[in-house]
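This report concerns only the one structure given below.
Please read these numbers as outputs of a predicted model, since none were measured by experiment.
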Amino acid sequence: MATFRTRIAKASERRGGLILANDYPTIRNLESRTIRNIETLHPFLCGIKLNFHLLLPLGRKEIKNITSTAHRRGLQVIADIKLNDINSTNLAATAYLWEMGLDAVIANPIMGPGALKSLVVSAHKKDRGVITLCHMSAPEAKESYELETGGIYLYEMFLKWALESRVDGIIAGATYPQIIRRCSERARGRLDIFSPGVGTQGGSAKEIILAGTRYVIAGRSILESSSPAREARHLQSLVRQPS
């Protein structure tokens with residue numbers, strides 16, 4: 001099997017680099033709603049992101065049904081659980097995720113470079129991916145990710161660890177395009193930048209693609225639209241044609 005980074009790149013070549021954040025505030029009919037989103041929106045997507053609070057109420061059977069449906073439609077599935085624990089717990093958690101068909105996990109690098117490297121090595125043996133937090137899209141992210149430590153900002157340290165650990169990608173919020181640009185210049189293509197925060201939070205798809213984002217993550221602007229397919233098609237066009 002090809003690596004996660006290769007699989008999602010091939011999907012984006014065909015359809016553009018838009019990922020659906022399937023993040024509902026409630027959990028009613030979650031499995032059926034998620035599958036309906038996949039069936040309706042897959043022509044405009046390369047992947048779908050499932051948040052922690054939406055994975056928790058689902059059983060293995062339901063999650064496998066979602067991931068198998070996504071794979072049939074050519075989508076990669078990302079578990080957004082901000083994984084952050086001791087090495088043995090991280091490896092046990094991801095073993096369950098891989099068994100249920102998830103393709104990649106979003107992790108918090110605050111676990112430290114040693115545990116992060118171990119997680120990446122383990123995931124890559126299964127052709128799965130690891131995406132780490134670098135700088136998030138919420139307004140309060142500046143208060144934490146731009147803290148200075150050892151003469152550099154925290155997000156710069158997280159980027160350094162990500163590069164050293166050979167993660168597949170980092171999260172850098174669309175509401176901070178200047179941070180995306182700095183990370184892209186430093187990474188030089190050694191990892192991909194995934195950016196949430198487009199649309200409802202105010203991020204511009206065109207601006208962040210030009211800054212260096214490879215994959216745009218959008219949720220509420222699509223899910224809460226009167227026509228999710230039309231909104232997804234519009235965002236896809238921006239991701240494919242940034243200039």
Identify the heavy atoms of [X] and [Y] that sit nearest to each other, and give their distance.
{"X": "Ser195", "Y": "Ala172", "result": "OG-O, 2.7 Å"}
{"X": "Val198", "Y": "Ser204", "result": "CG2-C, 4.4 Å"}
{"X": "Val130", "Y": "Ala107", "result": "CG1-CB, 4.4 Å"}
{"X": "Pro139", "Y": "Tyr176", "result": "O-OH, 3.1 Å"}
{"X": "Gly47", "Y": "Leu75", "result": "N-CD2, 4.0 Å"}
{"X": "Glu31", "Y": "Asn65", "result": "OE2-ND2, 2.7 Å"}

Side chain [X], main chain [Y], donor-acceptor under 3.5 Å:
{"X": "Arg33", "Y": "Arg28", "answer": "yes"}
{"X": "Ser184", "Y": "Ile180", "answer": "no"}
{"X": "Arg214", "Y": "Phe194", "answer": "no"}
{"X": "Glu39", "Y": "Thr69", "answer": "no"}
{"X": "Thr89", "Y": "Asp85", "answer": "no"}
{"X": "Thr6", "Y": "Ala2", "answer": "no"}
{"X": "Glu231", "Y": "Pro228", "answer": "no"}
{"X": "His71", "Y": "Thr67", "answer": "yes"}

Side chains of [X] and [Y]: closer than 4.5 Å at any heavy-atom pair?
{"X": "Phe44", "Y": "Ile222", "value": "no"}
{"X": "Ile131", "Y": "Phe4", "value": "yes"}
{"X": "Thr132", "Y": "Ile171", "value": "no"}
{"X": "Val239", "Y": "Lys206", "value": "no"}
{"X": "Trp161", "Y": "Lys117", "value": "no"}
{"X": "Lys82", "Y": "Met136", "value": "yes"}
{"X": "Leu235", "Y": "Val216", "value": "no"}
{"X": "Ile8", "Y": "Ile19", "value": "yes"}

Give the intermediate values and the outcome of side-chain contact (heavy atoms from CB on, under 4.5 Å) for residues Leu58 and Leu30.
CA-CA 8 Å; Leu58 294 171; Leu30 179 56; 3.9 Å; yes

Under a 3.5 Å cutoff, is there a donor and acceptor pairing between the side chains of [X] and [Y]?
{"X": "Tyr24", "Y": "Asn37", "answer": "yes"}
{"X": "Asp168", "Y": "His124", "answer": "yes"}
{"X": "Asn51", "Y": "Asn22", "answer": "no"}

Measuring from atom [atom1] of [X] to atom [atom2] of [Y], what distance do you get when rounded to the nearest 0.5 angstrom?
{"X": "Leu159", "Y": "Arg186", "atom1": "CG", "atom2": "CZ", "value": "5.5 Å"}
{"X": "Leu20", "Y": "Ile217", "atom1": "CG", "atom2": "CD1", "value": "10.0 Å"}
{"X": "Leu133", "Y": "Ile106", "atom1": "CG", "atom2": "CD1", "value": "7.0 Å"}
{"X": "His234", "Y": "Ser227", "atom1": "NE2", "atom2": "OG", "value": "12.0 Å"}
{"X": "Leu83", "Y": "Leu116", "atom1": "CG", "atom2": "CG", "value": "10.0 Å"}
{"X": "Phe158", "Y": "Cys183", "atom1": "CZ", "atom2": "SG", "value": "12.0 Å"}

Mind checking whether [X] and [Y] sit in one hydrophobic cluster, side chains of I, L, V, M, F, W, Y counted as touching below 4.5 Å?
{"X": "Leu91", "Y": "Val121", "answer": "no"}
{"X": "Ile170", "Y": "Leu147", "answer": "no"}
{"X": "Leu56", "Y": "Met100", "answer": "yes"}

Ion pair check, [X] and [Y], cut-off under 4.0 Å:
{"X": "Asp80", "Y": "Lys49", "result": "yes"}
{"X": "Glu146", "Y": "Lys142", "result": "yes"}
{"X": "Asp103", "Y": "Arg128", "result": "no"}
{"X": "Lys64", "Y": "Glu99", "result": "yes"}
{"X": "Arg181", "Y": "Glu185", "result": "no"}
{"X": "Asp192", "Y": "Arg5", "result": "yes"}

Take Lys160 and Glu156 through the salt bridge (charged side-chain N to carboxylate O under 4.0 Å, His left out) test and state the conclusion after the steps.
CA-CA 6 Å; Lys160 178 176 180 290; Glu156 294 175 319; over 6 Å; no

If you apply the rule side-chain contact (heavy atoms from CB on, under 4.5 Å), what do you find for Cys134 with Tyr145, and how did you get there?
CA-CA 7 Å; Cys134 188; Tyr145 289 91; over 6 Å; no

One pair to check against side-chain contact (heavy atoms from CB on, under 4.5 Å): Ile35 and Ile66. What are the steps and the verdict?
CA-CA 6 Å; Ile35 288 175; Ile66 290 170; 4.2 Å; yes

Report the C-alpha distance between Asn87 and Ser118 in whole Å, list the side-chain angles of each, state the deciding distance to 0.1 Å, and finish with yes or no for side chain to side chain donor-acceptor pair (under 3.5 Å).
CA-CA 7 Å; Asn87 187 50; Ser118 179; 2.7 Å; yes

Passes side-chain contact (heavy atoms from CB on, under 4.5 Å), Ile48 versus Thr34? Steps please.
CA-CA 9 Å; Ile48 183 170; Thr34 302; 4.1 Å; yes

Would the number of heavy atoms belonging to other residues, nucleotides or ligands and lying under 6.0 Å from CZ of Arg190 be above 12?
yes

